[in-house]
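Worksheet for the structure shown next.
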Amino acid sequence: MRSRRLAALFVLALAAVVVAVDVAAFAGWRLLAGRLAPPRFFLETNTFVTLLIVLGGAWIETQRLRDGASALADRLGARPLDDDQPLHRRLRDVAEEVSIGAGVPVPALYVLDDPSINALAAGESPAHAAVVVTRGALERLERAELQGVVAHEIAHIVGGDSATNARLAGALYGLLSLHLLGSRMLASAFAANGAMQRFFPARIVLAVAGLSVYAVGWLGVAAAQLLRAGISRQREFLADALAVQFTRDRDGLGCALRRIAGEKPAALRASYAPLVAHFLLVSPSIGVDRLSSHPPLRERIRRLYGRSMPPLDPIPQDPRARPDPGRAHEAFAGGVTTAPAHAPEGRAADVPSPAARLVERIRDASLRHDSAAHWLEALVGGRLDGAFGNASAVVAGSGSDDAAQTELQAALAWVLSPAGAQLRVPLLELLLARVRRWSSAHRRELLDRCRRAVEADGRVDSSEWVYYTLARHRLMPASPAAQRSRRATASRVEHSRALAALFAMAAAIGEASARSTRDALADAAALLDVPPPAATPDEVGTAELARALDVLLALPPLSKPILLKVLRSLGREPGDPNYEAFLRAVAAAIDCPAPRSAAVAPRAASPSPSMRAACAPAPAVRTFGSASLHEADADALSV
């Protein structure tokens with residue numbers, strides 16, 4: 001719907017620019033040539049040239065942004081995070097927490113060297129998204145406020161707004177092409193040491209032509225403003241609401257917006273910034289530009305709090321006044337709390353849960369390649385023997401303290417037990433976010449080791465398949481080009497067979513009845529407009545499931561949440577950790593945000609000694625016998 005509206009508005013804006021350029025050209029001809037008739041095909045030529053410049057500029061910019069969200073960050077002059085800086089590490093921690101709660105991969109993170117408080121998100125899909133945060137936001141926002149800002153941007157990724165924004169940026173660049181061409185012509189004409197320095201008459205002609213094109217280009221600027229204003233402002237309100245849902249903290253985003261409201265409006269210093277104003281957390285012209293794509297800031301604050309709230313005084317840009325990056329915080333959705341290394345005097349430090357101890361190890365230590373492989377083998381394979389090995393080898397720099405190694409091993413064993421099943425996926429997501437930055441060769445090797453760990457006992461149960469599938473699609477997601485190619489070649493019959501295989505797996509994990517499965521499958525086929533399968537297969541192998549997910553990846557973006565919603569109805573009970581892990585793995589495989597859990601995970605408690613001694617992996621729901629993952633995933637690992 002939004003894409004069609006954007007296309008319609010762009011066509012109207014383009015028609016207005018073409019008509020205005022033709023009128024201006026005809027008026028200029030009358031002014032210069034008097035009653036002399038214009039040449040043949042005068043208006044047709046002007047129309048063709050205008051369309052060539054505008055459509056060509058829009059196409060070129062769209063192709064640039066299709067290279068990935070990093071292309072837009074490069075155009076802005078943003079730089080990747082430097083983990084040696086505490087504020088950058090805090091941003092990475094916050095982004096990981098919010099992404100795990102939102103059920104999407106952790107986006108690529110960039111910092112824009114600008115003193116204002118702002119942020120933006122870009123990317124065609126959740127698996128290829130990026131979030132850019134200004135230096136001012138890192139320095140002058142407290143941790144909860146920064147978390148609210150990042151959650152707002154990730155909400156745009158979840159809602160598909162970042163893909164719409166990228167297409168809008170291409171359209172705006174096309175409409176601004178005439179204006180940009182005129183400014184370049186003027187710059188060349190008045191350059192002190194340009195190529196035309198010795199040819200004064202040519203410089204005059206170029207200056208006059210550039211001034212004319214620049215003036216006519218203002219029509220494109222006005223059309224671009226109208227196009228930007230035509231995009232619904234409701235998406236900003238929705239992103240604010242989702243940010244509160246992700247963080248469960250209204251004051252984080254609310255205080256950040258109130259702090260921005262207390263400052264003087266300031267535009268980003270990057271030259272590319274005017275084309276991405278609709279990407280930003282807040283419009284650079286707060287309260288001034290009535291054609292802004294953002295609703296008034298005071299209205300956003302009022303909707304968050306239910307009443308009007310006064311602005312907050314801005315935090316000074318003084319290093320001594322910056323928030324402490326090491327303050328206590330929640331590790332991720334689910335209530336796993338970590339404590340700072342040194343709690344302030346007079347304040348009781350939180351007692352870390354077993355999962356929180358693992359979070360501290362993963363975040364604070366430098367993961368070696370072998371260390372990450374041990375972690376992934378243990379979490380994906382669901383067992384400690386062989387894959388986990390010696391606890392001292394898991395995290396680089398963990399030392400040789402026997403007590404620390406025993407504590408670490410007991411914590412991981414507890415997470416792999418039925419009592420810790422609720423936190424297994426968040427921990428796996430956190431680890432995958434850390435290793436996702438590695439080279440593709442290292443990621444392939446990690447996946448290969450995980451596959452061998454799963455197949456070590458000669459069988460693949462459903463829980464192992466779920467965790468391996470999640471790891472595979474988090475570390476090696478299909479590129480947007482590959483998704484478009486599959487969407488063009490996938491048939492409706494293939495979608496029908498894929499639905500049958502997927503719902504057979506869902507029924508086995510969710511322990512759904514045959515009637516419930518049949519009704520849910522019929523509903524999904526009707527909603528997705530594919531032929532209803534006759535029945536679900538009695539046995540589904542890993543290769544067939546992998547092919548089914550690859551086919552369903554080609555579904556239209558708006559159809560994927562519908563599929564996940566129907567799949568959720570087959571769960572045995574709300575919040576079942578095994579079924580929630582299955583839904584998250586399917587969401588990762590089809591490149592769609594995972595559905596929000598119906599149950600809120602309780603705060604994890606430390607296991608008793610007897611539990612630590614008797615803990616074992618959760619029982620498998622379904623076994624694939626001697627099936628191998630290699631056949632299903634050989635192509636993915638060789639990409």
Side-chain angles (χ1 to χ4, degrees), residues 369-391 393-394 409 412-413 415-418 420-421 424-425 427-429 431-432 435-436 438 440-478 498 501-502 504-506 508-509 537-550 577-579 581-582 584-586 588-589 615-639:
H369 177 250
D370 289 341
S371 305
H374 283 303
W375 282 99
L376 283 174
E377 289 172 15
L379 289 174
V380 173
R383 49 187 173 271
L384 299 178
D385 55 315
F388 184 63
N390 189 356
V394 173
Q409 195 164 14
L412 182 56
V415 170
L416 293 178
S417 71
R424 200 175 306 155
V425 169
L427 277 173
L428 181 60
E429 290 271 29
L431 180 60
L432 293 173
V435 302
R436 196 179 178 210
W438 292 2
S440 59
H442 279 161
R443 282 182 277 131
R444 288 193 198 98
E445 184 179 348
L446 284 175
L447 286 175
D448 190 56
R449 292 185 62 169
C450 289
R451 189 184 68 235
R452 291 198 300 268
V454 170
E455 298 172 348
D457 57 357
R459 64 184 179 86
V460 180
D461 62 47
S462 57
S463 62
E464 292 172 337
W465 177 85
V466 165
Y467 293 126
Y468 177 79
T469 299
L470 178 60
R472 170 193 161 189
H473 290 281
R474 284 287 190 252
L475 297 182
M476 304 294 293
L502 181 61
M505 180 66 170
I509 296 180
D538 294 332
E539 294 293 336
V540 183
T542 58
E544 186 177 355
L545 284 170
R547 285 194 295 269
L549 292 176
D550 287 341
N578 288 327
Y579 201 75
F582 166 73
R584 191 175 286 254
V586 173
C615 61
V621 177
R622 180 168 183 167
T623 300
F624 296 105
S626 59
S628 171
L629 293 174
H630 182 75
E631 179 185 354
D633 300 293
D635 293 338
L637 294 179
S638 62
V639 173

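These values consider heavy atoms only, across backbone and side chains, with no hydrogens, waters or symmetry-generated copies. Numbering of residues begins at 1 and proceeds along the displayed sequence.
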Is any side-chain N of the basic residue among D448 and R444 closer than 4.0 Å to the acidic one's carboxylate O?
-> no

Taking all heavy atoms of H473 and all of A588, pick out the closest pair and write down the distance.
-> CB-O, 3.6 Å

Any side-chain heavy atom of P577 sitting closer than 4.5 Å to one from R424?
-> no

If every non-hydrogen atom of A548 is compared with every non-hydrogen atom of A498, which pair is closest and at what distance?
-> O-CB, 3.6 Å

Would you say the side chain of E429 lies within less than 4.5 Å of the side chain of L470, judging by non-hydrogen atoms?
-> yes

What distance do Y467 atom OH and S462 atom OG have between them, rounded to the nearest 0.5 Å?
-> 9.5 Å

Check whether any side-chain heavy atom of T469 lies under 4.5 Å from a side-chain heavy atom of L545, and answer yes or no.
-> no

Scanning both residues in full, the closest heavy-atom pair of A471 with V380 reads CB-CG2, 4.4 Å

Can you measure from CZ (R472) to CG (L549) and round to the nearest 0.5 angstrom?
-> 8.0 Å

Could you tell me whether the side chain of F582 reaches within less than 4.5 Å of the side chain of L502, counting heavy atoms only?
-> yes

V540 and A501: which non-hydrogen atoms are nearest, and at how many Å?
-> CG2-O, 4.1 Å

Got a second to check how far L475's CG is from L446's CG, nearest 0.5 Å?
-> 7.0 Å

Spatial distance of atom CZ (R547) from atom OG1 (T542) [nearest 0.5 Å] = 9.0 Å

With a 4.5 Å limit on heavy-atom distance, are the side chains of E464 and V454 in contact?
-> yes

Side-chain (R443) to main-chain (W438) donor-acceptor, under 3.5 angstrom | yes

Report yes if the side chains of R584 and R474 come closer than 4.5 Å at any heavy-atom pair, otherwise no.
-> yes

